[in-house]
Amino acid sequence: MEPKTECPGTKPPKTERTAKAVIFGKKEKVADLFQLLESRYNKVTLTETEYELEQLAPERHAIGLAIMTDSFPVKLSAGLLHRVRRKLAPQNMICLSADIDHEKEKNLRSAGLIFLGSYRSFFAYAERIITQTQTDRNQKPMDQRKDSAMSLEKRLSGRFSTLRSRLKRTVFGLSAMVAEAVVRLIEISVGLVVTFLLFLPMLIVLAVRKLFTGTPVFSRHKVFGVAAKPITIQRFNTTATIFSGFPLFLELFTGRLALVGTAIREEKDGPGNAEDAYIKMIKPGIVSLWDIRRSTKIAHEGKAAIEWEYIFRKRPFYDLLLFLRAFPALLYQEQNRAPSPVFHLLGLDIDNITMEEAVSIMRKHLEQKKQCSIFFVNPDCLNKMVDDPDYFSTLQKGDYIFPDGIGLSIAGKLLQTPLRENINGTDMLPYLCTMASEDEKSLFLLGSKPGVAKTAAEKIKEAFDVTIAGTANGYFDHDTQSDTIIETINNSGASILLVAFGAPRQEKWIARYRGHLKPEILIGVGGLFDFYSGNINRAPEWMREIGLEWVYRIMQEPGRMWRRYIIGNPVFLYRVMKWKLFTRSMNP
Ligand code: UDP
């Protein structure tokens, strides 16, 4: 199949900006996709091999859409997508793969895709996705072509005209209707319960307050409803986020909000960009994946990526689980206070930044060839720090200290200094590797039991297409054999060194030897290699979303972890409260 330069028949209006599309895949596997794109773009280029990818001329801003498929001979990874993005700078990217597990999904979506799914699921939405992205970009609706994605799929599969397939469609349609009716029934029941048990009593309290103080009961908010329709909703006029949302449940009766859906988009946030077009079609919900992740400070991927993740997973059962997850998340919700850039806790200054900011800080150090040390602190580290002055001074000397774990978010809430994000090594690694791969920097993995760092290195390399300059285990004599290890690290040419000896050993080692180490970025990463090598499983996402990762870690290694969490967590909270009452209040 030769790439066509002209599209036959009546063409929808096209502008220079959206005129071209590129497909990455094998000719025989992507014929139908090619045909579909031909009807929407002036030129469609097929790229079948890595060599052809290298040969593509960089046409910045001229490529409207790049579609990567799993029939392309190079394994789909965030690294590959970033390579394409760097080379072609397409306005939109789509990735089609039949085999996507959750980790892969997150990893791929970090490349900023507008669609990630199987070939089949793409065709179910293709018309809408392509039209929406083009319409939004150009402000001109595309003409509807007779040869739509649906009819093309029918024609290609040749199955839609049979009685069996019609029956299947009818059954599918009916079951979808029943599912929708059940969801509405649940929403109205929840709406009734909340109205009588929570909304009305709170209404009475606030009405009495109004009588005495004149403070209005409600505050009005302009937001976007389903299909981006502007609507006005009411919240209770109170700073306690947990109460202010009760009036939203009345919207379940009007059907303007769903119980579970995409995040409610405020009108002041603007209409969003083309990549949000599909997200806007989904009804916003009182409960959303974005709000849940944000309350536990693990919304690192950014709003759009999390909304996409929700949309791809959306099923009535998934919504039900999300609804249940909203209850623990309520505990962590905070008032909308402006976060301060430094979180001062137990005498230590912790950097209160987002993952994105953390990555850009590291990038800057790499560019400027200026060395920095990065340490993560969780409640266990801070407990150790209180008993170990040497560790305390090591942390104080670190260039950046990042807050790790739900315990720190709770401490932030107790001290009324909201934490912006929970930044831990395991969550940071994909961002760090993507950045390293883009900037052609390499990593050295030092620590853990023999073989663990090596296995982790293989998995990291495969997942992020990043160069691993070398690995070494952490069981050597740190006093007498460090020189040899340092020589190996320096000779490897690595720019980023990850040290996994556990806290405080790793921080002290970095602080002691940083003057001899050549890598620009030195990070203490604790049990990271154990997670990435598959030696120890990480808690499932839903547990992390409700702040219970520590429970999973106790289940994994009860002998070693029970003291750290069962005793350590209450001790930490006690120390935080004591510090708040006696130390901070005296030296604010
Ligand atoms: N470790 C090491 N050298 C040592 C002691 C420990 O490399 O002398 C490794 C250990 O194998 C494990 C990591 O350090 O992989 C510590 O993990 P842990 O979960 O204790 O770290 P945390 O995340 O709690 O700081």
Side-chain angles (χ1 to χ4, degrees), residues 298 348 350 373-388 390-392 394-395 398 400-408 422-429 432 443-460 470-482 484-486 488-489 497-513 517 522-539 543-544 549-569 571-572:
I298 56 166
L348 189 69
I350 299 170
S373 60
I374 297 177
F375 303 141
F376 298 98
V377 287
N378 56 29
D380 178 53
C381 300
L382 294 173
N383 280 337
K384 285 177 183 156
M385 178 193 87
V386 171
D387 301 329
D388 179 351
D390 192 22
Y391 180 33
F392 179 52
T394 302
L395 288 175
Y400 301 100
I401 310 283
F402 294 145
D404 166 9
I406 191 68
L408 277 269
N422 167 357
I423 305 195
N424 59 70
T426 317
D427 284 343
M428 182 192 268
L429 192 77
L432 177 70
L443 279 76
F444 193 102
L445 274 47
L446 169 67
S448 293
K449 297 206 175 94
V452 176
K454 198 159 177 277
T455 314
E458 280 157 18
K459 301 218 167 144
I460 290 170
T471 62
N473 75 65
Y475 291 84
F476 57 93
D477 187 326
H478 292 186
D479 289 323
T480 60
Q481 293 173 316
S482 289
T484 323
I485 296 283
I486 291 169
T488 314
I489 296 167
L497 172 67
L498 307 185
V499 185
F501 302 154
R505 208 178 274 118
Q506 62 204 15
E507 287 78 10
K508 290 183 181 177
W509 191 87
I510 291 176
R512 183 169 168 193
Y513 294 110
L517 285 160
L522 313 168
I523 318 181
V525 292
L528 180 97
F529 306 158
D530 293 313
F531 289 131
Y532 269 87
S533 63
N535 218 11
I536 293 177
N537 289 333
R538 204 173 174 204
M543 282 187 105
R544 281 182 265 152
E549 181 161 18
W550 58 276
V551 174
Y552 192 83
R553 288 211 74 186
I554 296 180
M555 281 156 46
Q556 291 252 305
E557 296 177 89
R560 199 163 78 92
M561 294 295 167
W562 76 271
R563 186 185 292 277
R564 182 183 288 196
Y565 294 115
I566 307 272
I567 311 267
N569 284 354
V571 168
F572 171 69

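Every heavy atom of this structure was used, including side-chain atoms; hydrogens, water molecules and symmetry mates were not. For ligands, and for the atoms within them, numbers begin at 1 and follow the listed sequence. One-based numbering along the sequence shown.
Distance check: Leu498 CG to Leu528 CG gives 6.5 Å after rounding to the nearest 0.5 Å.
Ligand 1 places these atoms under 4.0 Å from at least one heavy atom of Gly526: 13 (C), 17 (O), 21 (O), 22 (P), 23 (O), 25 (O). Within the listing of ligand 1, atoms 19 (O) sit less than 4.0 angstrom from a heavy atom of Arg553. Near Arg560, the atoms of ligand 1 lying under 4.0 angstrom from a non-hydrogen atom of the residue are 18 (P), 19 (O), 20 (O). Near Gly447, meaning under 4.0 Å from any of its heavy atoms, are these atoms of ligand 1: 7 (O). Each of the atoms 12 (C), 15 (O) of ligand 1 lies under 4.0 Å from some heavy atom of Asp530. Of all atoms in ligand 1, listed by their number and element, those nearer than 4.0 Å to a heavy atom of Ala503 are 25 (O). Interface of Lys449 with ligand 1, defined as ligand atoms under 4.0 Å from a residue heavy atom, comprises 11 (O).
The 12-atom threshold is exceeded at CZ of Arg512, counting heavy atoms of other residues, nucleotides or ligands nearer than 6.0 Å. When the shell of 6.0 Å around NZ of Lys454 is examined, it contains 12 or fewer heavy atoms from other residues, nucleotides or ligands.
Each of Asn569, Asp380, Asn383 was compared with Arg564 under the side chain to side chain donor-acceptor pair (under 3.5 Å) criterion, and only Asp380 meets it.
For ligand 1, the polar-atom distance check finds no N/O of Val525 at less than 3.5 Å from any of the ligand's N/O atoms.
The aromatic rings of Phe476 and Trp509 lie perpendicular to each other, with more than 60° between the two planes, well past the 30° mark. Note: Phe376 and Phe402 have tilted aromatic rings, judged against thresholds of 30 and 60 degrees for the angle between ring planes.
The residue from Glu507, Glu557, Arg564, Arg505 that puts a heavy atom closest to atom 8 (O) of ligand 1 is Arg505. Counting only non-hydrogen atoms, the option in Gly527, Pro450, Gly474, Ala500 that gets closest to atom 9 (C) of ligand 1 is Ala500.
With a 4.0 Å cut-off on non-hydrogen atoms, Ser448 touches ligand 1 through its backbone as well as its side chain.
Scanning all heavy atoms of the two residues, the minimum distance from Tyr532 to Lys459 falls at O-CD, 3.4 Å.
Tyr475 counts as a contact of ligand 1, since one of its heavy atoms falls under 4.0 Å from the ligand.
Side-chain contact check for Ile401 versus Leu395: some heavy-atom pair is nearer than 4.5 Å.
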